[in-house]
Protein chains: 2
Amino acid sequence: MSFPEPLTRLVEELQRLPGLGPKSAQRLAFHILKAPREQADRLAAAIRDVKERVTHCSVCNNITDTDPCEFCRSTDRDQHVICVVEEPQNVAGIERIGEFKGVYHVLMGAISPLQGIGPDQLKIKGLLTRIAEGTISEVILATNPNVEGETTALYLARLLKPLGVKVTRIAVGVPVGSDLEYADQWTMHKALEGRREV
Amino acid sequence: MSFPEPLTRLVEELQRLPGLGPKSAQRLAFHILKAPREQADRLAAAIRDVKERVTHCSVCNNITDTDPCEFCRSTDRDQHVICVVEEPQNVAGIERIGEFKGVYHVLMGAISPLQGIGPDQLKIKGLLTRIAEGTISEVILATNPNVEGETTALYLARLLKPLGVKVTRIAVGVPVGSDLEYADQWTMHKALEGRREV
């Protein structure tokens, strides 16, 4: 004797989302229940759409609804400079400062022995293929400034430098132990500006 | 140049929900993007379902997927005691303690001159109809202990008492487990005013 079954189920599904406890999930469910029908329909459609229409770019692995993604097929971007990041959301963080004019490569993770993630689970092969084409002048390693990210950067630096490509690492400036996703614009700016060859 | 359009739209739709800022909406959107297809489908279906299948009980206005609701058609509940609340979620709050065995009446709001909500906008007529049937022994006013809720309780008390029905108001005072030092003046005033001999 409490909520109607469809409402209970919505609360349950909302609780599966990160950072939503029982109280927040209940508040959201009641909001959706009260909201205009069109708003709920739009939200439901957006959830389905994002699963149906968003895929990964076959060149850089970034999320996209076209293939190649808008960065990889852009003539306005410097296709000779690749910024390597761990996750697609890191691309948004770097784009927000509006300064970087190159392209990206998304590894889809970082080396983490603790979580059993080795280099083989990352999208490194595609990066090597791009560099092998001989037109890349610089690879900027913009993995997270934490243990996994630094390990990944070190691994990539050792792997890529013998190929004769300039390899740089974003500068100290992004606070150690944090996540790129939450870096403020200025920190991100300093980090890009202060990048050094490794 | 940032997110693919379907992802941007999902972030926008999520931001319409209460308590979700741009960062949380983005985090949730990325989680949904990464989640298994079935989980996203279940969430989208739950959102549509809650709008399609949940309605209001024609007797008490509580949310329900059957009409009358499970409370109003239950033979295990005391149909002679009505607990009056502002919103459907208040029913869940009272049910959680598992002590109240009567039924409910949901007003769908509270009197608020500031927001232009008068008694006419509340579901009071149905309550009067139920009392007019002559089988109600007590009406418990469980509206919120704030200005709007108190105004509504006072209005209902004046309206219902002449009908010969017993009208009670839930106790307002210092909450269990709290520290008197942090009680606000109004709560303290109500706690003193409502003191009982022990």
Side-chain angles (χ1 to χ4, degrees), chain A residues 1-14 16-20 24 26-37 39-55 62-66 69-71 74 76-77 87-89 91-92 95-96 98 181-182, chain B residues 1-14 16-20 23-24 26-37 39-55 57 62-66 69-71 74 76-77 87-89 91-92 95-96 98:
Chain A
M1 287 252 182
S2 56
F3 294 152
E5 186 272 332
L7 188 63
T8 307
R9 203 152 44 79
L10 179 56
V11 173
E12 279 169 9
E13 292 299 335
L14 287 169
R16 288 182 214 277
L17 299 178
L20 289 186
S24 334
Q26 188 180 312
R27 192 165 37 90
L28 291 184
F30 270 103
H31 177 89
I32 291 168
L33 184 62
K34 270 191 168 183
R37 177 61 183 261
Q39 192 190 332
D41 281 350
R42 277 203 313 272
L43 176 58
I47 290 167
R48 286 190 204 271
D49 256 27
V50 92
K51 298 298 288 184
E52 246 160 57
R53 293 177 44 205
V54 178
T55 53
N62 190 17
I63 47 167
T64 178
D65 53 351
T66 62
C69 74
E70 51 180 344
F71 299 108
S74 168
D76 296 334
R77 310 286 299 209
E87 301 287 348
Q89 48 266 56
V91 172
E95 282 303 294
R96 218 171 287 133
E181 198 186 338
Y182 303 109
Chain B
M1 289 251 183
S2 57
F3 294 151
E5 187 271 332
L7 188 62
T8 307
R9 201 152 44 78
L10 179 56
V11 173
E12 278 169 12
E13 292 299 335
L14 286 169
R16 287 181 215 278
L17 300 177
L20 289 187
K23 290 249 171 172
S24 335
Q26 188 181 311
R27 193 164 37 90
L28 291 184
F30 270 103
H31 177 90
I32 291 167
L33 183 62
K34 272 191 168 183
R37 177 61 183 262
Q39 192 189 330
D41 281 350
R42 277 203 314 271
L43 176 59
I47 290 167
R48 285 191 205 270
D49 255 29
V50 92
K51 297 300 288 186
E52 245 159 57
R53 294 176 43 204
V54 179
T55 51
C57 173
N62 190 18
I63 47 167
T64 177
D65 53 350
T66 62
C69 73
E70 49 181 345
F71 298 109
S74 168
D76 295 336
R77 310 282 303 206
E87 301 287 349
Q89 48 265 58
V91 172
E95 282 301 295
R96 216 171 286 133

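Below, chain A is the first sequence line, B the second, and so on; all start at residue 1.
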Can you tell which of A:Q26, A:R37, A:R27 has the highest number of heavy-atom pairs within less than 4.5 Å of chain B?
A:R37

Picking from B:G19, B:A45, B:C69, B:A46, which has the most non-hydrogen pairs under 4.5 angstrom with chain A?
B:A46

Looking only at B:E12, B:R9, B:R96, most heavy-atom pairs under 4.5 Å shared with chain A are made by B:R9

Between B:V50 and chain A, which part of the residue has a heavy atom less than 4.5 Å away: side chain, backbone, both or neither?
both

Nearest heavy-atom contact between B:K51 and A:A40 is CG-CB, 3.5 Å

B:L28, B:I63, B:L7: which one forms the most heavy-atom pairs within less than 4.5 Å of chain A?
B:I63

Could you measure the distance from the CG atom of B:L20 to the CG atom of A:L20? Nearest 0.5 Å is fine.
6.5 Å

Name all residues meeting the side-chain contact (heavy atoms from CB on, under 4.5 Å) criterion together with A:R16; count only those two or more places apart in sequence or in a different chain, and write none if there are none.
A:E13, B:Q39, B:R42

Pick out which of B:R53, B:R48, B:E52 makes a side-chain contact (heavy atoms from CB on, under 4.5 Å) with A:P6.
B:R53

Among A:I47, A:D41, A:N62, A:T66, the residue with the most heavy-atom pairs under 4.5 Å to chain B is A:I47

Proximal component of B:K34, with respect to chain A [non-hydrogen, under 4.5 Å]:
both

Between B:D49, B:T64, B:L17, who has the most heavy-atom pairs with chain A when the cutoff is under 4.5 Å?
B:L17

